Structures are given as structure tokens and as C-alpha cells.
**Student:** 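My structure is below; once you've seen it, I'll send some questions.
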Protein chains: 2
Amino acid sequence: MTAMTRARPLVIDSHRDANVCLTCGARALSVCHVIDESDLDKLSAASVTVSVLPGHTFIQEGDPAEHFFNVTAGTSKLYKLLPDGRRQVTGFAGVGYFLGLAVSSSYAFSAEALEPVRVCRFSRTKLRGLLDDFPALEKKLLEVASNELVVAQEQMLLLGRKTARERLASFLIARANMIPHCPGRGAANVAERIQLPMTRGDIADYLGLTIETVSRTLSKLRAEKFIEIPNNSEIVLLKHDAVEDIATGMA
Amino acid sequence: MTAMTRARPLVIDSHRDANVCLTCGARALSVCHVIDESDLDKLSAASVTVSVLPGHTFIQEGDPAEHFFNVTAGTSKLYKLLPDGRRQVTGFAGVGYFLGLAVSSSYAFSAEALEPVRVCRFSRTKLRGLLDDFPALEKKLLEVASNELVVAQEQMLLLGRKTARERLASFLIARANMIPHCPGRGAANVAERIQLPMTRGDIADYLGLTIETVSRTLSKLRAEKFIEIPNNSEIVLLKHDAVEDIATGMA
DNA sequence: AGGGCTCATTGACCCAGGTCAAGGTCCGCA
DNA sequence: TGCGGACCTTGACCTGGGTCAATGAGCCCT
């Protein structure tokens with residue numbers, strides 16, 4: 001169980017330190033931070049660390065929902081499919097994201113790693129136990145779910161009523177706002193470098209557009225000097241406020 | 001404080017029985033049903049009943065979120081607006097619906113009564129107290145929020161990837177499935193009478209379409225004998241399964 | 001360093017659904 | 001019982017974004 005792990009989609013790290021949670025860089029960003037340091041051993045005991053290679057699906061829509069996940073590294077795309085293959089990306093799960101909130105018996109979406117991803121995996125019963133031991137965790141999950149709901153409603157507005165240009169602008173602004181507090185933001189026209197771990201196709205499926213429209217619209221925004229596109233996985237936001245106005249339909 | 005209430009948008013019933021919750025017909029459908037009968041007096045003490053006339057807005061997007069609501073009668077539409085007036089209806093809140101899950105400081109959406117509506121209104125602090133007294137209520141809210149999230153993701157798929165025909169079919173099936181267990185459903189081609197308390201405009205804003213497209217698409221479904229339209233606020237589903245196939249993109 | 005991937009861009013054309021406009025239906029009220 | 005207004009339907013036309021197709025740009029791998 002030591003060699004031959006390279007090509008496997010999911011790698012479970014069973015020899016892990018009891019202090020993983022204590023030294024976990026994602027704790028500050030996760031629901032876990034409501035649990036006291038002294039209790040972190042219980043948390044680590046309840047979960048295993050799983051590594052997922054890019055392109056691999058670790059949650060499959062419709063499968064029995066046996067596990068919950070907390071992302072500690074990398075970004076994944078969450079999506080739903082129609083029988084004929086049409087895809088809707090419902091979100092991108094980065095570090096700190098809690099996955100599996102759907103309390104139903106089967107997963108409502110699939111999750112695929114865009115980068116090398118690490119997650120803490122909890123079984124349904126283990127999580128139930130943690131929730132009973134730490135009521136604060138349950139409160140935190142309710143808060144997280146509520147915020148997700150607000151984000152989802154915002155996305156419905158985007159998908160139902162915004163133009164392609166407004167959708168791309170909204171996407172860029174949302175990505176820019178998730179940058180972990182870079183100095184000099186909010187100060188009008190400071191350039192921001194946005195990381196895009198997903199492909200144009202993923203962006204299209206997230207915004208309810210086609211690859212071509214995403215590409216064309218970004219080219220247009222570049223021609224208008226709102227953005228720069230140094231490479232396929234980065235965009236520089238040259239005029240945050242102007243793009244924000246586009247995003248909210250005010251331009 | 002007894003006369004002159006007729007034309008007021010919101011009417012607060014302050015003289016209410018301590019047993020309102022005990023006799024509340026909506027309890028079985030609400031989060032409240034997790035609270036034991038013997039504790040219902042605490043619940044009624046924490047809330048007031050508010051009546052809302054059709055067409056009146058009782059939650060305004062952006063206003064400080066001071067209250068939470070539990071719907072005990074009537075249907076409301078929940079929506080978000082763009083500055084230029086484009087509207088996205090994010091859902092319809094019927095009896096038993098818990099409103100205000102967004103734990104942020106201001107409401108993320110507006111709510112307007114479509115019919116005469118009654119809600120139980122809790123202040124933020126009173127609800128906090130109830131959650132501390134009844135942990136089961138917190139668990140229930142997490143469950144409700146999680147289910148909402150699943151519904152929201154389904155709606156994103158609809159808005160991002162479905163055709164007008166598929167959207168209307170999905171809407172009709174969702175409405176049909178919420179009928180409180182009428183006998184003989186699921187048995188293939190049994191006609192179901194769907195109530196539509198909202199206008200074509202509301203449906204359009206919910207499905208990300210225009211009034212005209214909603215009207216045209218329903219006319220087409222009628223011409224194809226999938227549905228009947230006895231009047232503007234009712235639709236009879238003649239072929240549930242066929243319409244379900246349209247809804248899921250399989251026809 | 002070049003062949004063969006996958007991903008992105010760009011152009012030409014098309015069509016589902018939006019827009020504009022003209023009635024139709026229903027209902028409450030005098 | 002007929003007037004006014006809100007809502008719905010239908011038709012003719014238009015357009016934003018989809019479709020199809022060709023080309024370009026990275027980037028492994030050998």
C-alpha cells in the first residue's frame with residue numbers, strides 16, 4: 001500500500017499525524033475554526049485526508065451521499081449534467097469550502113478537481129457525532145449554508161437576466177473580491193491579478209454561455225482596456241470600478 | 001388601533017391567543033414542528049402574526065435584516081432586481097416556508113405577497129434565543145437551508161442550460177409535485193390540476209424568459225395536448241410523464 | 001526542436017427567444 | 001350592461017448569442 005499510488009485518482013493518506021488539524025493552513029478559512037484548539041484531536045480522528053488529481057471526479061451526482069468534505073488545498077468545479085451532456089457549473093470550491101451540505105441521501109452535484117486537490121473527508125455518521133459534540137459547528141454550517149444561498153440567488157439573477165458582457169464582468173469581480181486581502185484594493189483603479197484555475201469551457205458552463213462567447217467577450221473587454229490577458233489562466237483587472245458597473249448592469 | 005386597518009399593507013395582529021402555534025395549520029409544514037407541543041407557548045411568545053395584502057412587499061432587498069418569517073398562509077414571490085429594473089424571481093414561498101435564512105445584515109431579496117399572506121414574524125434576537133433553547137430547531141434550519149441549496153442548484157441548471165420549452169415543463173412538474181399528496185399520482189397519465197397564484201410575468205421572471213415566450217410556449221404545449229389551460233391561474237397536466245421527460249431534456 | 005495533443009481565438013452564418021405592436025379576455029365597478 | 005384596466009395571446013420582425021469551421025498558441029513528450 002506504499003508504491004503504485006501515482007496513477008490512482010484518489011489517494012487516501014492513512015498514516016497521518018494526529019496534529020493535522022492543528023497545523024492545517026486551511027483552518028482559518030474553514031468551518032473547523034469554530035472548534036477549539038484543544039478539541040482538534042477529535043476532529044482529526046473523525047476524518048481522513050484525501051488527495052485528488054486534476055481532472056478526477058471525487059463526488060458523483062446521484063451517488064449515495066456517504067461523505068462530507070472540507071477542501072484544504074486546490075480548486076474544484078461543482079456541476080450538474082442533463083442527460084444529453086449539457087453541463088451547468090454551479091460553483092467553484094476553493095480552500096476552506098465545505099462540500100456536501102445537501103443533507104439528502106444522494107449528491108445533488110458532481111465535483112471534479114481542477115488542480116491537485118486535498119480534502120478532509122468525514123463519513124456521514126462521524127460528522128453527525130461531531131455536530132452533537134460541537135454545537136458551534138452546527139451554527140457555523142447554518143451560517144455557511146445561508147451564505148451559499150445568497151450566492152446562489154445572485155447567480156440566478158446572473159443566469160436569468162444578465163447579458164454575456166455583464167456575466168463575464170460579474171465573474172471577474174467575484175474572483176477579484178476573493179483575493180485574500182491584497183493591499184491597495186478598493187482604491188479605485190489598482191490593477192488586480194486574477195487567477196483562473198478553470199478553462200474557458202468551465203467558465204462558459206458556469207455563466208450559461210458557450211466557450212466562443214466567453215472568448216469573444218473577454219477579447220472585447222481587453223480591446224476596451226478594461227482587462228489584460230497575460231495568459232490563459234490569469235486576467236489582470238485594470239479598471240475594477242468600471243467593470244463592477246458593467247457587472248451590476250449600470251454600464 | 002382597531003378600525004382603519006383595511007388599506008394598510010401590513011397588519012400586525014397583536015391580540016393573539018397564546019395557542020396560535022398549537023392550532024396553527026401550517027405547523028406540520030413548518031420548521032416549528034420540531035418543537036414539542038408543550039413548548040409551543042415559548043414559540044408563540046417570540047413572534048407576532050402579520051397579514052400582508054396581495055401586491056404588498058414585506059421584505060425589501062437591501063433593508064437591514066431585522067426579522068425572520070414563517071409563512072402560515074398564502075404565497076409570495078421572492079425576487080432580486082437590477083438597477084434598470086430587470087427582475088429575477090428566485091422562488092415562490094408557500095405555506096411552511098421559512099424566510100430570511102440569509103444571516104447577513106441585510107436582506108438579499110424582496111418578498112411580495114401574491115395572495116393574502118400571513119406570516120409569523122420573529123425578531124433576529126428572539127430567533128437567536130429560540131435557537132439556543134431548541135437545538136433541534138437549529139438542526140432543522142440547517143436541513144431546510146441545505147434543501148434550498150439543492151433547489152437553487154437545480155434552478156441554476158434550468159436558467160443556464162435549458163430551453164424555454166424545458167423550463168416551462170420543469171416549472172409545471174415542480175408545481176405538480178408540490179400538490180399535497182393527491183391520490184392516484186405517479187400512476188402515469190392521471191390529470192393534475194396545478195394552481196398558479198402568480199402571473200405570466202412572474203413565471204417569466206422566475207424562468208429567465210419574457211411574458212411572450214411563456215405564453216407562446218404554454219400555447220404550444222396545449223396545442224400538443226400535454227396540458228389544458230382552463231383559466232389564467234390553473235393548468236391541468238394531462239401527461240405528467242411526457243412533460244417530465246421534456247423537463248429533464250429527454251424529449 | 002518538432003509532432004501532436006488540448007485549449008483558445010476569430011470569423012461567417014443562423015436561430016431561439018426577445019422586442020414591438022395589435023388585439024383579446026376577464027373582471028370589478030358604476 | 002357596459003366601461004376601464006390589468007393581464008394574456010398572437011403575429012411580424014430583429015438580434016444576442018449559439019453553431020460551425022478554420023486557425024493559432026502553449027505545452028508536454030520524445
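Keep in mind it's a predicted model, so treat the numbers as computed, not measured. Letters go in sequence order (proteins before strands), and every chain restarts at 1. These values consider heavy atoms only, across backbone and side chains, with no hydrogens, waters or symmetry-generated copies.
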**Student:** Restricting both atoms to N or O, compile the protein contacts to nucleotides 22-24 of chain D shorter than 3.5 Å, with distance only.
**Tutor:**
none

**Student:** Find out whether the Lys NZ or Arg CZ of B:R121 is both under 6.0 angstrom from the six-membered ring centre of B:F69 and within 45° of the ring's axis.
**Tutor:** no
**Student:** Which parts of residues 243-251 of chain B get close to DNA chain D, meaning a heavy atom less than 4.0 angstrom away?
**Tutor:** none
**Student:** Step through it carefully: locate the ring centre of A:Y206, locate the ring centre of A:F92, and say whether they are under 6.0 Å apart.
**Tutor:** yes
**Student:** Any residue in residues 216-225 of chain A with a heavy atom nearer than 4.0 angstrom to DNA chain C? Just list them by number, or reply none.
**Tutor:** A:R216, A:S219, A:R222
**Student:** State which residue, out of B:T90, B:D202, B:T199, fulfils the side chain to side chain contact (heavy atoms under 4.5 Å, CB included) condition with B:K77.
**Tutor:** B:D202
**Student:** Base of D:dC8, side chain of B:E212 - is there a donor-acceptor contact under 3.5 Å?
**Tutor:** no
**Student:** Tell me whether the OP1 or OP2 atom of C:dG17 has a side-chain N or O from B:T213 closer than 4.0 Å.
**Tutor:** no
**Student:** Under 4.0 Å from any atom of DNA chain D, heavy atoms only: list the residues of residues 84-91 of chain B that qualify, in numerical order.
**Tutor:** none
**Student:** Could you check A:N232 against A:V214 and say which one's nearest nucleotide on DNA chain D is further toward the 5' end?
**Tutor:** A:V214
**Student:** For the CG atom of B:L207 and the CZ atom of B:F171, what is their distance to the nearest 0.5 Å?
**Tutor:** 6.5 Å
**Student:** Does the pair A:R86/B:E166 count as a salt bridge with the N-to-O cut at 4.0 Å?
**Tutor:** yes
**Student:** Select base, sugar-phosphate, or nothing to describe what A:G208 touches, counting heavy atoms under 4.0 Å on all strands.
**Tutor:** sugar-phosphate
**Student:** How about A:V50 and A:V119: do any of their side-chain heavy atoms sit closer than 4.5 Å?
**Tutor:** yes
**Student:** Can you find a side-chain donor-acceptor pair between B:K162 and B:S170 that sits under 3.5 Å?
**Tutor:** yes
**Student:** Looking at every strand, decide which applies to A:S215 at a 4.0 Å heavy-atom threshold: base, sugar-phosphate, or nothing.
**Tutor:** base
**Student:** Taking DNA chain C as the partner, which of residues 165-173 of chain B come within under 4.0 angstrom of it by heavy atom?
**Tutor:** none
**Student:** Would A:K239 and A:F226 count as a cation-pi pair here, with the cationic atom under 6.0 angstrom from the ring centre and within 45° of the axis?
**Tutor:** yes
**Student:** Hey, are B:K80 and A:E154 close enough for a salt bridge, meaning a charged N less than 4.0 Å from a carboxylate O?
**Tutor:** yes
**Student:** For the helix from C:dA1-D:dT30 to C:dA30-D:dT1, how many degrees between its two end axes (five pairs per end), to the nearest 10°?
**Tutor:** 40°
